There are 2 protein chains.
Amino acid sequence: MTQTPGPTAARRGRPRSAAVDRAVIDTVLRLLTEGTSFADLSMENVARQAGVGKATVYRRWPGKDALLLDVLAAVEAPPAEPAGHSLREDLIASIEAIRHRTLAKQENALLRNMLLHLHSSPELWQRYYETAIVPRRRTLARLLERGVAEGELRPEIAEDLELAMDMVAGPVLYRATIRPDLLQDDTLAERIVDWFLQGARPQDGKTPGPRYA
Amino acid sequence: MTQTPGPTAARRGRPRSAAVDRAVIDTVLRLLTEGTSFADLSMENVARQAGVGKATVYRRWPGKDALLLDVLAAVEAPPAEPAGHSLREDLIASIEAIRHRTLAKQENALLRNMLLHLHSSPELWQRYYETAIVPRRRTLARLLERGVAEGELRPEIAEDLELAMDMVAGPVLYRATIRPDLLQDDTLAERIVDWFLQGARPQDGKTPGPRYA
DNA sequence: ACGATACGAGACGGCACCGTATCGTTAATC
DNA sequence: GATTAACGATACGGTGCCGTCTCGTATCGT
């Protein structure tokens, strides 16, 4: 997998079984979903649970980090791309997608483990970030840019798109990580987006603006 | 510590050294700050680093979890309570406090470790949540309630105070956990609060409201 | 058929940590 | 000064994982 010996050259002998790769990766995902942390994952136990020889695992991956790298690559990128109706509806769909994704045990387990290793394993984090976060974020960015272009959002929003994205996605992601119990609310995405838009639309006439007491 | 044998009864023999408690807890905090995760912390190494006998540690705490419980209790509750000037300024100070706290390595390490064990160690999470999160949250809640009472914020905000708090604190906490690189901006708290207030103030006249395309 | 390679199973030595016990020493109370 | 308990140090047996290696078997190219 990570180190296929011959490229596409006529390889001799018995070929590697693709079923083994799947079995190992599926087992890791299952264990993570069941609450095992990265640290508690052992090559030994993974091999045992997958019904696979330990040497077979080491033949494919030199160690746990390399295996985890492939596990992250295996969680498929989301199709997403709401790109449909009104800005409001698309934003709601986008936030709702985040909410649902982080409610799923597997995604949640991956996220929490990756957050712990954000600093200690930059390579792992990089892979996770680009697989799981960047696509969603790009979708959201395009939505906001379109909103600005069509005059539905204040022009200043385009100047710091990162902040705008965090203003609308931050609340749900905060709950996803710190208060998962408050994530059940089905109307959450809608209420967040409406609130966000209230401060994001062009001001008609008298702008309230920062008022000092 | 967790299990002082005699209450205040005239204890015989050599008394336990308070310096040992501090040395052990300080060592744990140091190791965590240096990047060691909860899982990688071993009683053996903690004792060694603290210059303390292993049995001495076990005399105070039955295991790692009990020790960590006391470590969490040792991070002092913040005085905070801005309670000063305008609503806007108090909100900014409150958000800015969150930003600074999560920029500190020790707080950051604790937060990340706790997030991973949110589900697996509810007792630990409980302690951390009440020590580190609840006080800040209560301050923020009082601020918003006061804002509503004085007519600076829309009355509906009082109906779901949790959501309001997450709307204003979510963005910075999102960055604290997932995008620490975007947390350096000194004007961040101010911009978030102003944006938040723009959607949180009472609407004068024509309310934009949800607009469908 | 035959050589090459992957397979599951598991033995191997080594290592870090677990939690307990045993030293001689130290600092309290009686 | 005798008793009592905590101290640092260190040894103890036990456990789980590491990464390598060797079996006998299965599956491919030639």
Side-chain angles (χ1 to χ4, degrees), chain A residues 1-28 31-32 34-71 113 120-121, chain B residues 1-28 31-32 34-70 120-121:
Chain A
M1 197 132 185
T2 24
Q3 43 178 14
T4 322
T8 323
R11 310 248 347 283
R12 314 221 333 162
R14 177 176 176 175
R16 292 196 183 166
S17 160
V20 167
D21 295 65
R22 273 184 281 108
V24 171
I25 289 181
D26 287 353
T27 299
V28 171
L31 290 175
L32 288 174
E34 287 170 358
T36 311
S37 69
F38 280 7
D40 290 335
L41 274 180
S42 70
M43 297 292 267
E44 188 130 2
N45 192 33
V46 167
R48 201 182 316 135
Q49 300 274 334
V52 147
K54 207 174 12 160
T56 302
V57 178
Y58 277 104
R59 195 175 292 120
R60 289 166 162 72
W61 301 280
K64 192 162 66 176
D65 280 10
L67 170 54
L68 286 176
L69 221 51
D70 276 359
V71 169
N113 274 284
S120 51
S121 307
Chain B
M1 197 134 185
T2 25
Q3 43 178 14
T4 322
T8 326
R11 311 249 346 284
R12 315 217 337 160
R14 178 177 176 174
R16 293 195 183 167
S17 160
V20 167
D21 295 64
R22 273 184 282 108
V24 171
I25 289 180
D26 286 354
T27 299
V28 171
L31 290 175
L32 287 174
E34 288 171 358
T36 310
S37 69
F38 281 8
D40 290 335
L41 273 180
S42 71
M43 297 292 268
E44 189 130 3
N45 192 33
V46 167
R48 201 181 315 135
Q49 300 275 331
V52 149
K54 204 174 14 160
T56 302
V57 178
Y58 277 104
R59 195 174 292 119
R60 284 151 216 264
W61 299 280
K64 191 163 66 174
D65 280 10
L67 171 54
L68 286 176
L69 220 53
D70 276 359
S120 52
S121 307

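Only a predicted model underlies this, so the values are computations on that prediction, with no experimental measurement involved. Numbered from 1 within each chain, the chains take letters A, B, ... in sequence-line order.
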>> To check you understand the geometry: which heavy-atom pair defines the closest contact between B:Val24 and B:Trp61, and what is its length?
In response: CG1-CZ3, 3.7 Å

> Is there a side-chain polar atom (N or O) of A:Arg16 under 4.0 Å from OP1 or OP2 of C:dA4?
Replying inline: no

>> Using the rule given for side chain to side chain contact (heavy atoms under 4.5 Å, CB included), can you reason through B:Glu34 versus B:Leu31, listing the C-alpha separation, both sets of side-chain angles and the distance that settles it, and then say yes or no?
In response: CA-CA 5 Å; B:Glu34 288 171 358; B:Leu31 290 175; 4.0 Å; yes

> Distance check: side-chain N/O of A:Arg12 vs OP1/OP2 of D:dT27, anything under 4.0 Å?
Replying inline: no

>> Just the rounded figure in Å: distance from C1' of C:dT22 to OH of B:Tyr58.
In response: 17 Å

> What's the shortest heavy-atom distance between A:Val28 and A:Val71, and which atoms?
Replying inline: CG1-CG2, 3.8 Å

>> Return whichever of B:Gly13 or B:Ser42 has its heavy-atom-nearest nucleotide of DNA chain C closer to the 5' end.
In response: B:Ser42

>> Strictly below 4.0 Å: does A:Arg48 bring a side-chain N or O up to OP1 or OP2 of D:dC17?
In response: yes

> Mapping A:Met43 and A:Ala55 to their closest nucleotides on DNA chain D, which lands nearer the 5' end?
Replying inline: A:Met43

> Just how far, in rounded Å, is C1' of C:dA16 from NZ of B:Lys64?
Replying inline: 13 Å

> So, does the side chain of B:Arg14 form a donor-acceptor pair with the base of D:dT4 at under 3.5 Å?
Replying inline: no

> Pick the nucleotide of DNA chain D nearest each of A:Pro15 and B:Glu44; which residue has the one closer to the 5' end?
Replying inline: B:Glu44

>> Given C:dC7, D:dC21, D:dC17, identify the nucleotide with an atom nearest to the side chain of A:Arg59.
In response: C:dC7

>> Output the rounded distance in Å from CG (A:Leu31) to P (D:dC17).
In response: 11 Å

>> Just the rounded figure in Å: distance from P of D:dC18 to CG of B:Asp40.
In response: 13 Å

>> Under 3.5 Å for both donor-acceptor distances, Watson-Crick or wobble: does D:dC23 have a partner, and if so which one?
In response: C:dG8

>> For a side chain to side chain contact (heavy atoms under 4.5 Å, CB included) check, start with the C-alpha distance between A:Arg60 and A:Val20, then their side-chain angles and the critical distance, and finish with the verdict.
In response: CA-CA 10 Å; A:Arg60 289 166 162 72; A:Val20 167; 3.5 Å; yes

> OP1 or OP2 of C:dG8 sitting under 4.0 Å from any side-chain N/O of A:Thr56?
Replying inline: yes

> Heavy atoms under 4.0 Å, any strand shown: does B:Gly63 hit a base, just sugar-phosphate, or nothing?
Replying inline: nothing

>> Nearest whole Å is fine: how far is C:dA6 C1' from A:Asp21 CG?
In response: 12 Å

> Can you find a donor-acceptor N/O pair under 3.5 angstrom joining the side chain of B:Lys54 to the base of C:dG19?
Replying inline: yes

> What's the CG-P distance between B:Asp65 and C:dG19, to the nearest Å?
Replying inline: 10 Å

> Shortest non-hydrogen contact from B:Lys64 to B:Leu41?
Replying inline: NZ-O, 3.0 Å

